[in-house]
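The next block holds one structure in the form of structure tokens; read it before the comments.
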There are 2 protein chains.
Amino acid sequence: METLNAAESLAALGHETRLAIFRALVQVGPEGLNAGAIGEKLGLAPATLSFHLSHLSRVGLIRGRQESRFIFYSADYSAMDDLIAFLTANCCQGDTCLPKTASCESTDKRRSAKPVCEGESCE
Amino acid sequence: METLNAAESLAALGHETRLAIFRALVQVGPEGLNAGAIGEKLGLAPATLSFHLSHLSRVGLIRGRQESRFIFYSADYSAMDDLIAFLTANCCQGDTCLPKTASCESTDKRRSAKPVCEGESCE
DNA sequence: TCAATATTTCGACAATACTCGAATTATGGA
DNA sequence: TCCATAATTCGAGTATTGTCGAAATATTGA
């Protein structure tokens, strides 16, 4: 993930309403919620909601799938993982970061349980 | 960390220039860099740099300390940890999140190596 | 085909954020 | 004390973002 993409994702989450949407979707799981349900839950005007949903979609943090006449939105967990990996990718410069942030790796790395943060990944 | 604070931190990082500043500070370690060095490294006009530094300071992601006539800025690692903890705090709703994101905890929790994500922490 | 529902797009306005030259404040050394 | 350097604040202009009513599009079921 390049800096520009990361900044775009972070900016997308850096708005109270969008962050609330994203967290609601993260919480509810892969099935997601349809737009109307999100709007109702958070008290948003349809146009406003749509604006934020498309923003989050554009940067890849959520995705929508049509299901009958509803559109269900769900969080893209791997995008979130990538973002977190990006943020923590540099806190292992020597003894810099507190507890060696090896525990915060991207999904794949975490899966393989291999301790990282001591080689090429640290740049 | 409340949603509002998290959104403010994310928004602060959601700007290419500020993200670059923050990452430079994360990389360089706790000693930090003085303002001039940051500006030179990233090619920023003094006023622009100052604007972004104060933004990052205001939300608590960096801090400055005066040292002779320089002001050294350094990343606040615990603020970053808090932010990451906030983002991952909800991906453990049943079998929702991919590899049970227990590995991404806040610093303190990570230190104590106690596996979380199966009780009150899952709000 | 028609009406009802779900969602998005359009358009306009308001608010906020960004940039940067110039002026200002603060510190240290001669 | 005075000058040079480091950094911030001010101010003004430009650009971007957010909000939401109204209109448009899409899907379903009768």
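No experiment lies behind these values; they were computed from the predicted model shown.
Rounded to a whole Å, the CG atom of B/Leu44 is 13 Å from the P atom of C/dC18. Between B/Arg18 atom CZ and C/dT16 atom C1' there is a gap of 12 Å when expressed in whole angstrom units. As rounded to whole Å, 17 Å separates atom P of C/dT7 from atom NE2 of A/His52. Computed from coordinates, the B/His55 NE2 to C/dT19 C1' distance equals 15 Å when rounded to whole Å.
Checked by atom type and distance alone, the side chain of B/Tyr77 pairs as donor or acceptor with a backbone atom of B/Val26 at under 3.5 Å. In this structure, A/Arg65 contributes its side chain and A/Ser74 its backbone to no donor-acceptor pair below 3.5 Å.
B/Tyr73 comes within contact range of the sugar-phosphate backbone alone, with a heavy-atom separation under 4.0 Å but no base atom that close. Looking at heavy-atom distances under 4.0 Å, A/Thr48 makes contact with a base. Residue contacts for A/Ala47: at a heavy-atom cut-off of 4.0 Å it reaches a base atom on one of the strands shown. Among the protein residues, B/Ser68 comes within range of the sugar-phosphate backbone only, with heavy atoms under 4.0 Å from sugar or phosphate atoms but none that close to a base.
Closest to the B/Ala45 side chain, of the nucleotides C/dT5, C/dC18, C/dC20, is C/dC20.
With sequence neighbours excluded, no residue satisfies ring-ring contact (aromatic ring centres under 6.0 Å, His included) with B/His55.
Atom CG of residue B/Asn34 and atom CZ of residue B/Arg69 lie 11.5 Å apart, to the nearest 0.5 angstrom. The structure places CZ of A/Phe86 at 7.5 Å from CG of A/Leu10, a figure rounded to the nearest 0.5 Å.
The shortest distance between side-chain heavy atoms of A/Thr48 and A/Thr17 does not fall below 4.5 Å.
Summarising the local packing, CD of B/Gln66 is surrounded by more than 12 heavy atoms from other residues, nucleotides or ligands at distances under 6.0 Å.
Position along DNA chain D of the nearest nucleotide to A/Gln66 versus A/His15 favours A/His15 as the more 5'-ward residue. Nearer the 5' end of DNA chain C, as judged by each residue's closest nucleotide, is the contact made by A/Leu49, out of B/Pro46 and A/Leu49.
Along DNA chain D, read 5' to 3', the first and last nucleotides having any atom under 4.0 Å from a heavy atom of chain A are D/dG18 to D/dT28.
The side chain of A/Asn34 places no N or O atom within less than 4.0 Å of a non-bridging phosphate oxygen (OP1 or OP2) of C/dA6.
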